[in-house]
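Side chains included, hydrogens not; waters and symmetry mates left out as well; all remaining heavy atoms used. Residue numbers begin at 1 in each chain, while the letters A, B, ... track the order of the sequences. Nothing here was measured: the structure is a model prediction, and the numbers come from that model.
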Amino acid sequence: MSEETGGPELQPDPEDDLPEQMRIRREKREQLAAQGMEPYAIGLPITTTIAAIRAAHPDLPIDTATGDRVGIAGRVIFSRNTGKLCFATLRAGEGTEIQAMLSLANVGEEQLAAWKDLVDIGDHVFVAGEVITSKRGELSVLADEWRMAAKALRPLPVAHKPLSEETRVRMRYVDLGVRPGAQQMARTRVAVVASIRQSLSSRGYLEIETPMLQTLHGGATARPFVTHSNAFDIDVFLRIAPELFLKRAVAGGLERVFEVNRNFRNEGADRTHSPEFTMLEFYQAYADYQDIATLTRELIQEAALAAFGSLTVTHPDGTELDLSGVWPQVGLYESLSEAIGETITPATERSRLLELCERDGIDVAPTAVNGKLVEELFEHHVISGFTGPTFVMDYPVDTSPLVRGHRTKPGVVEKWDLYVNGAETGTGYSELIDPVIQRERLIEQASLADRGDAEAMHLDEDFLRAMEHGMPPMGGAGVGIDRVLMLLTGQGIRETILFPLVKPEQRQ
RNA sequence: GGGUCGCUAGCUCAAUGGUAGAGCUGCGGACUUUUAAUCCGUAGGUUCGGGGUUCGAGCCCCCGGCGACCCA
C-alpha cells in the first residue's frame with residue numbers, strides 16, 4: 001500500500017483521523033495485549049448460557065448466594081461503576097440478559113482496574129463466578145474472574161434512541177444487536193417458511209430446486225438481470241420465476257412440487273418491491289385454481305398460527321388483520337365495473353379503455369395490451385377498497401400467457417391474485433397445458449418483446465416440447481414470502497429481508 | 001418517471017443569512033448494590049460532496065450523492 005520510504009514513525013498514522021471514541025477503543029485493544037490479555041479470545045471456559053441460568057433460578061429471593069459457579073459470555077450493553085463495585089448487563093446473542101458484578105473483594109484490585117479501564121459497551125466479555133441475587137434482587141454473576149472475549153472498536157449506538165431506518169438496514173449487524181424486533185423478524189421469517197414447508201410436505205409435496213441461472217427468462221413478465229457464463233460463453237438470466245421448470249417436473253410425474261427460493265427482478269425497489277425476493281411456488285397435478293386458492297389460504301393461516309399463535313395479527317400501528325375463515329373472492333371485471341359505474345368486459349373496445357385511463361391520469365405504454373389497461377384501471381379504482389385478504393378472480397387472457405382459458409367465461413383465464421392490505425401477495429392459476437395454445441400465446445409474447453416490451457416472455461421451445469410430451473392438468477400458485485412477512489408484521493419489505501440490497505455509501 | 005421532505009458530534013436531534021448547540025455516548029475524578037445510576041469536571045464538527053450568490057452560508061441558488069414519503 002504505502003511506500004517503504006522512511007520509517008514507520010514518519011508515515012502519517014491513518015488512525016489519527018479517527019473519531020476520538022474509535023481511537024480510544026483501539027488504544028484499549030493495545031493495552032489489553034500489553035497487559036497479557038487476549039483482546040479476541042478463543043477457548044473461553046464457558047460452562048452454561050445466560051438463558052440456562054435464568055431458567056435454573058427463576059425466583060431467587062433478594063441477596064441470595066446459590067453456590068452455583070458458572071462461566072458465561074455476553075455482550076456488555078450497560079455498564080455502571082460505583083467505585084469498588086462494577087455492574088454490567090451482559091446480553092446473549094438471542095437477547096436474554098444477566099447482570100455481572102465485579103467487586104474489589106472478589107476480583108482484586110488489578111482485575112477491577114483493568115475492567116474499569118478496558119471494558120466498553122459493545123464488548124463481548126467472559127465472566128466466571130457465583131450466581132447470586134443482588135441487594136436489589138437482580139439475578140447476577142458475582143465475578144471472581146473476567147476476560148475480554150472480543151473488543152469492539154466501534155461504539156454501539158445509544159440504546160434508548162431508535163436507529164434511523166437507513167442505519168438499521170445498512171448495519172443490520174448492529175440493528176440485530178440493539179433492537180429485539182430485528183431478531184424477532186428474522187425468527188418470524190424462519191417460523192413462516194418452516195411452517196409452509198411443513199404444510200406442503202404433509203400434503204405430499206416435494207420440495208425441489210430448479211435453476212436460478214436460466215438461458216431464457218420466463219414464468220413471469222419482468223425485466224431480468226443478465227449475466228454471462230464464461231464456460232459456455234453465453235449470456236444467462238437470473239431467474240424471474242421458477243414456474244416453467246416446476247411445470248416440467250410435474251410433466252415428468254412429480255405431481256406435487258414446490259420451491260421456496262430467491263427470484264430476481266431488475267426493477268424498482270420501494271416499500272413493497274425488492275430486486276431479490278423470496279418466492280414460494282407450488283404445483284399440483286389435477287388441481288384447479290380454486291383448489292389452489294384454498295391451499296394458499298391454508299398455508300398462510302397455518303403460517304400465522306405457527307409464527308404468532310393466532311389468525312388475527314396486530315401491526316405496530318395498531319391495526320388488526322383478521323386472516324380467519326374463508327377469504328372472499330371478487331371478479332376482476334365485475335368489481336372494476338361496479339367501481340366505475342360502467343360495464344367493462346373482455347370485449348370492451350380498446351379506445352374506451354384508453355379514454356378511461358386518460359381520464360384517471362394513468363400512464364400507459366403504447367405497447368400495453370388491453371388486459372394491461374384493464375388491470376391498471378382495476379389497481380387504480382378497486383384495490384384500495386380491500387381490507388382483509390381478498391382473491392381477485394379471472395384475469396384477461398392477453399396478460400396471462402401461462403393460464404388456461406376460463407371454463408365458462410369467454411375472454412378471461414382461470415387466474416386469481418391475492419390481495420392483502422392492498423398489496424399483491426400471491427397469484428394462482430389453472431395452468432395452461434394445451435401445447436398448441438401455449439405456443440400461440442408465447443409467440444404473441446415474443447412479438448411484444450420484439451416490439452420493445454422488455455417484460456414480455458420469450459419463446460421457450462424446450463418448455464413447449466415438455467408440454468407436447470403431455471402435461472397433466474394442474475393448478476399452481478406463487479406466493480411472495482416477503483409479502484407474507486409484511487402482512488403478518490405490518491412492516492416494509494426491507495425490514496422483512498435481513499440484508500436487503502442498498503445503494504453503496506459514497507464514502508468508505 | 002414526477003413531486004415533497006431529509007442528510008449537522010459516535011447515536012438521536014436543535015440552531016431569523018451573523019461565535020454550530022443539547023441529551024445520551026466518550027474522557028478525567030468521587031462512590032461496594034447500580035438498573036437509561038448519581039454527582040463534579042471535560043473533550044468531541046470537512047454541517048453528505050462540488051460550485052455559486054453574499055461583507056458573511058448549516059440555512060439562499062445550481063449540479064451531484066444517499067434516504068424517506070406521496071403521486072402516476
Side-chain angles (χ1 to χ4, degrees), chain A residues 16-28 31 62-65 76-91 97-109 112-113 115-123 132-143 152-171 174-175 177-179 223 267-273 317 356-365 368 372-373 375-377 379-381 383-384 422 491-495 500-508:
Chain A
D16 281 350
D17 286 339
L18 287 176
E20 182 192 26
Q21 294 192 44
M22 288 175 60
R23 201 186 66 240
I24 287 165
R25 283 172 182 248
R26 276 171 166 74
E27 287 166 7
K28 289 178 178 176
Q31 285 171 35
I62 284 174
D63 205 8
T64 304
V76 178
I77 57 160
F78 295 125
S79 181
R80 298 168 288 278
N81 168 10
T82 64
K84 298 185 179 64
L85 177 65
C86 293
F87 301 88
T89 303
L90 305 187
R91 180 186 287 164
E97 296 172 3
I98 197 165
Q99 177 166 272
M101 296 169 62
L102 292 96
S103 71
L104 179 64
N106 287 274
V107 299
E109 198 170 334
L112 185 65
W115 173 274
K116 288 199 252 183
D117 285 346
L118 301 176
V119 173
D120 290 304
I121 288 172
D123 293 351
I132 64 161
T133 50
S134 72
K135 287 179 181 169
R136 296 292 172 86
E138 185 76 31
L139 188 66
S140 307
V141 173
L142 180 59
L153 298 185
R154 291 176 182 264
L156 226 47
V158 175
H160 308 286
K161 293 280 175 58
L163 283 177
S164 68
E165 186 171 343
E166 186 174 356
T167 306
R168 289 208 304 264
V169 169
R170 285 193 187 276
M171 298 199 288
V174 173
D175 187 34
V178 300
R179 186 173 62 95
R223 275 174 193 262
E267 296 172 349
D270 58 28
R271 193 176 166 77
T272 59
H273 295 83
D317 65 3
L356 289 168
C357 285
E358 169 121 34
R359 189 187 71 186
D360 294 325
I362 300 172
D363 245 353
V364 289
K372 180 71 177 168
L373 304 182
E375 290 179 12
E376 293 282 353
L377 286 166
E379 285 174 22
H380 188 262
H381 287 283
I383 286 174
S384 58
Q491 300 191 45
I493 198 165
R494 270 180 312 282
E495 292 297 329
L501 181 66
V502 288
K503 286 199 187 179
E505 294 163 284
Q506 245 190 334
R507 296 191 297 175
Q508 224 165 358

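- Within the 4.0 Å cut-off from OP1 or OP2 of B/C69, at least one side-chain nitrogen or oxygen of A/Arg271 is found.
- Within a 6.0 Å sphere centred on NZ of A/Lys372, other residues, nucleotides and ligands contribute 12 heavy atoms or fewer.
- Between the C1' atoms of B/G51 and B/G67, the separation comes to 23 Å (whole Å).
- B/A68 and B/U4 make up a base pair, with Watson-Crick or G-U wobble contacts both under 3.5 Å.
- Pairing for B/U47 is absent, judged as Watson-Crick or G-U wobble with the two contacts each under 3.5 Å.
- Across all strands shown, A/Ile362 has heavy atoms under 4.0 Å from sugar-phosphate atoms exclusively, and none from any base.
- Within 4.0 Å (heavy atoms only), A/Arg494 reaches sugar-phosphate atoms of the nucleic acid but no base atom.
- Taking the C1' atom of each, B/A15 and B/C59 are spaced 9 Å apart, rounded to whole Å.
- Note: CD (A/Glu166) to P (B/G65) measures 15 Å, nearest angstrom.
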Give me, pair by pair, the N or O atoms of the protein and of nucleotides 10-13 of chain B that are less than 3.5 Å apart, along with how far apart they are.
from  : atom 1 : to       : atom 2 : distance (Å)
B/G10 : N9     : A/Gln21  : NE2    : 3.3
B/G10 : N7     : A/Gln21  : NE2    : 3.4
B/U12 : OP1    : A/Ser164 : N      : 3.0
B/U12 : OP1    : A/Ser164 : OG     : 3.3

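- Distance A/Leu118 CG to B/G28 P: 10 Å, rounded to the nearest Å.
- For the pair A/Ile493 CD1 and B/C69 C1', the interatomic distance rounds to 17 Å; values are reported in whole Å.
- Taking atom CG of residue A/Asp123 and atom P of nucleotide B/U25, one finds them 16 Å apart after rounding to whole Å.
- Side chain to side chain, A/Thr272 and A/Asp270 meet the donor-acceptor criterion of an N or O pair below 3.5 Å.
- Checking B/U53 for Watson-Crick or G-U wobble geometry (two distances, each under 3.5 Å) identifies no partner in any strand.
- In this structure, of B/G26, B/U32, B/C66, it is B/G26 that holds the atom nearest to the side chain of A/Ile24.
- Other residues, nucleotides and ligands place more than 12 heavy atoms under 6.0 Å from the CD atom of A/Glu27.
- Ranked by how close their nearest RNA chain B nucleotide is to the 5' end, A/Ser103 and A/Gly137 are led by A/Ser103.
- Rounding to whole angstrom units, NZ of residue A/Lys84 and C1' of B/A30 are separated by 10 Å.
- By the neighbour-count criterion of 12 heavy atoms within 6.0 Å, atom CZ of A/Arg223 is sparsely surrounded, having that number or fewer from other residues, nucleotides or ligands.
- To the nearest angstrom, P of B/G1 lies 11 Å from CZ of A/Arg223.
- Remark: B/C59 base-pairs with no nucleotide in the shown strands. Criterion, Watson-Crick or G-U wobble with two distances under 3.5 Å.
- Using a 4.0 Å heavy-atom criterion, one finds that A/Lys28 contacts the sugar-phosphate atoms exclusively.
- One interatomic measurement links the two molecules: CD of A/Glu495 to C1' of B/A68, which rounds to 13 Å at whole-angstrom precision.
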Would you tabulate the nitrogen or oxygen pairs shorter than 3.5 Å linking the protein to nucleotides 37-42 of chain B?
from  : atom 1 : to      : atom 2 : distance (Å)
B/A37 : OP2    : A/Arg80 : NH1    : 3.2
B/A37 : N6     : A/Asn81 : O      : 3.0

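- Nearest nucleotide to the side chain of A/Gln99, out of B/A68, B/U35, B/C66: B/U35.
- With a cut-off of 3.5 Å on both pairing distances, the Watson-Crick or G-U wobble partner of B/A30 is B/U38.
- Between the P atoms of B/C7 and B/C60, the separation comes to 11 Å (whole Å).
- For the pair A/Asp270 CG and B/C69 C1', the interatomic distance rounds to 11 Å; values are reported in whole Å.
- Annotation: B/U12 and B/A68 have their P atoms spaced 15 Å apart (nearest Å).
- Spacing of P atoms, B/U42 relative to B/G52, comes out at 41 Å, to the nearest Å.
- Comparing the same atom, C1', in B/C66 and in B/U53 gives a spacing of 26 Å after rounding to whole Å.
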